[in-house]
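Structure, as structure tokens:
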There are 2 protein chains.
Amino acid sequence: MSDSPTSDAPPRRRSDATKAAILEAARERFAADGYERATIRAIARDAGIDPSMVMRYYGNKEGLFAAASAFDLRLPDVGTLTEPGALPGRQVGAVLVEHFLDRWEADEVLTALLRVGVTNAAGAERMQAVFRDQLGPVAAALSPDPAQAPSRAALVASQILGMALARYVLRLPPAVEMTRQEIVDWLAPTVQRYLTAERP
Amino acid sequence: MSDSPTSDAPPRRRSDATKAAILEAARERFAADGYERATIRAIARDAGIDPSMVMRYYGNKEGLFAAASAFDLRLPDVGTLTEPGALPGRQVGAVLVEHFLDRWEADEVLTALLRVGVTNAAGAERMQAVFRDQLGPVAAALSPDPAQAPSRAALVASQILGMALARYVLRLPPAVEMTRQEIVDWLAPTVQRYLTAERP
DNA sequence: CACTCATGTCAACGACTGTAGGCCAACATT
DNA sequence: AATGTTGGCCTACAGTCGTTGACATGAGTG
């Protein structure tokens, strides 16, 4: 080992900047065009390098997508949501809807994931995994009956994904024109009910 | 004019069967693969004819999609939904959710429309038009404030499209495993509220 | 019968795709 | 300075795509 600043952090390579540029361009293209129309050549052009570099660093197109779509929803900790006295005056539904809007508008990864997941098996699996592993625990902690947790998570996912689809992908004009606050006000009770209501 | 049974109905041509076979194969492929991966060659193979026939009858791939994705939601008449005493013991929300599930499972046109709309501009526009022109009037008739009708229609669309996305496209396991009745029971109050509630 | 036109097949073109491999320059290490 | 390694570009291949046009065949009509 020559230089390890802390523990076993990989050394900074000169190619890190290039790799990052490729990933950023890939996310933009996947988000804008979906899997098939986002060509390696176009991504390389955006990143200002040669297409063969993409192959060198990510193996093939699937590997590139896997690297570009790594994603953490960063949902608030379950404990934070359930401990008594948390969220003063706020409901879980509103917190979650706002958080999802934040995550959706922060970068283009979720849009890419959605656009790709619709026509690509790997993308669909990753979308499944994100909602199962990251939203699932929240539903499990809030659901009155633990056995219902997966269904409740799927219901929340359906409403969140549906709004994202309408607003960020299909761009239905009324969905685009609604203010952030209007969306939160309408969707929060829905999400709240899907997670916590005793019966439909 | 040689033969016009009623008014100006086009004469039955021998190629009608071929055209229909092409459209059916196109709908299947577009629904299963999306726009880019649904190739004219594959569609022609499914229909048992030569790819050039597709070009002859529909001009190009866009024309084929336009013909294959013509769609009528067949929503219940607005009058039927609003007249006093209609829907004995039923809520509008439940009727609409059931109707949407029916339409989604009846054929593959809506799935094709959704899969294509996510990556293809023409598909997105058609999806917009379907919900604007066919769901919009229902929202206008039910909304307390006519000015809110487009927003309310978009909210309903977001929940319906989201469930269709989760259940028929992404196939999130919990969404697939839910029974039809469970979905209706959970979504109906949401749709009902989006259409008729005074305030969020 | 001959003629016409709709229906269908076949072969090909040009463009674009993912991917592979060879070559070159800059750098780090000895 | 010599050497091995890393980062990068260029060219090329094999395959697929949408699309085109020439050609064959059949039915229908005079």
Side-chain angles (χ1 to χ4, degrees), chain A residues 1-5 9-26 29-30 32-69 115-116 119-123, chain B residues 1-5 9-26 29-30 32-69 115-116 119-123:
Chain A
M1 300 183 185
S2 50
D3 59 328
S4 62
R12 293 197 185 283
R13 299 189 174 278
R14 203 155 42 92
S15 58
D16 285 353
T18 303
K19 292 188 189 177
I22 293 175
L23 282 190
E24 190 188 331
R29 285 284 178 176
F30 282 130
D33 297 337
Y35 191 78
E36 339 284 331
R37 283 182 32 211
T39 69
I40 290 185
R41 284 171 156 90
I43 292 168
R45 201 179 322 127
D46 290 355
I49 46 94
D50 189 88
S52 64
M53 302 302 300
V54 177
M55 305 299 297
R56 186 195 291 273
Y57 291 133
Y58 298 102
N60 54 27
K61 193 176 180 180
E62 277 198 33
L64 172 62
F65 173 73
S69 63
R115 270 225 165 84
V116 172
T119 46
N120 178 273
Chain B
M1 302 180 185
S2 51
D3 58 328
S4 61
R12 293 197 186 281
R13 301 191 173 278
R14 201 156 44 94
S15 58
D16 286 353
T18 303
K19 292 187 189 177
I22 293 176
L23 282 191
E24 188 188 333
R29 286 283 177 175
F30 281 131
D33 297 338
Y35 190 79
E36 337 286 332
R37 284 182 32 210
T39 69
I40 290 185
R41 284 172 154 92
I43 292 169
R45 199 179 323 127
D46 289 355
I49 46 95
D50 190 88
S52 63
M53 301 302 297
V54 178
M55 306 300 297
R56 187 194 291 275
Y57 290 133
Y58 297 102
N60 54 28
K61 193 176 179 179
E62 277 197 35
L64 172 61
F65 173 73
S69 64
R115 270 225 166 83
V116 172
T119 46
N120 180 274

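These values consider heavy atoms only, across backbone and side chains, with no hydrogens, waters or symmetry-generated copies. Within every chain, numbering begins at 1; the chains are lettered A, B, ... in the order of the sequence lines, protein sequences first and strands thereafter.
D/dG7 atom C1' lies 14 Å from atom OH of A/Y58, rounded to whole Å. A/F65 has its CZ atom 19 Å from the P atom of C/dT17, to the nearest Å. Rounded to whole Å, the distance from CD1 on B/I49 to C1' on D/dG26 is 18 Å. If you take CD1 of A/I43 and C1' of C/dT17, they are 13 Å apart, rounded to a whole angstrom. As rounded to whole Å, 11 Å separates atom C1' of D/dG7 from atom CD1 of A/I22. One atom, CD1 of A/I40, and another, C1' of C/dT17, lie 9 Å apart when rounded to the nearest Å. B/L64 has its CG atom 10 Å from the P atom of D/dG18, to the nearest Å. Atom NZ of B/K19 and atom P of C/dT7 are 7 Å apart (whole Å).
Each of A/D50 and A/R37 has a nearest nucleotide on DNA chain C; the 5'-most of these lies closest to A/R37. Projected onto DNA chain D by closest heavy-atom contact, A/M53 and B/G59 fall at different nucleotides, the more 5' of which corresponds to A/M53.
Ring-plane geometry between A/Y35 and A/F30 is classed as parallel, the angle between the planes falling under 30 degrees on a 0 to 90 degree scale with a further cut at 60.
A sub-4.0 Å separation between OP1 or OP2 of C/dA6 and a side-chain N or O of B/Y57 is absent. Residue B/T18 places at least one side-chain N or O under 4.0 Å from the OP1 or OP2 atom of C/dG8. Put simply, B/S15 has a side-chain N or O that comes within less than 4.0 Å of OP1 or OP2 on C/dT7.
Note on B/S52: a base of the nucleic acid sits closer than 4.0 angstrom, heavy atoms only.
When each of C/dT7, C/dT19, D/dT19 is scored by its nearest atom to the side-chain atoms of B/R13, the top-ranked nucleotide is C/dT7. For B/R14, taking side-chain heavy atoms from C-beta onward, the closest of the listed nucleotides D/dT19, C/dT7, C/dT9 is C/dT7. The side chain of B/R41 lies closest to D/dT19, out of C/dA20, D/dT19, D/dG7.
With a 4.5 Å cut-off on side-chain heavy atoms, A/M55 and A/I40 count as touching.
Taking only distance into account, the side chain of A/T39 never meets the base of C/dC16 through a donor-acceptor pair shorter than 3.5 Å. Between the side chain of A/R56 and the base of D/dG8 there is at least one donor-acceptor pair of N/O atoms closer than 3.5 Å.
One N or O on the side chain of B/T39 and one on the backbone of B/A42 form a donor-acceptor pair closer than 3.5 Å. No donor-acceptor distance shorter than 3.5 angstrom exists from the side chain of A/D46 to the backbone of A/I43, with no hydrogens or angles considered.
For CD of B/E36, the number of neighbouring non-hydrogen atoms (other residues, nucleotides, ligands) closer than 6.0 Å is greater than 12.
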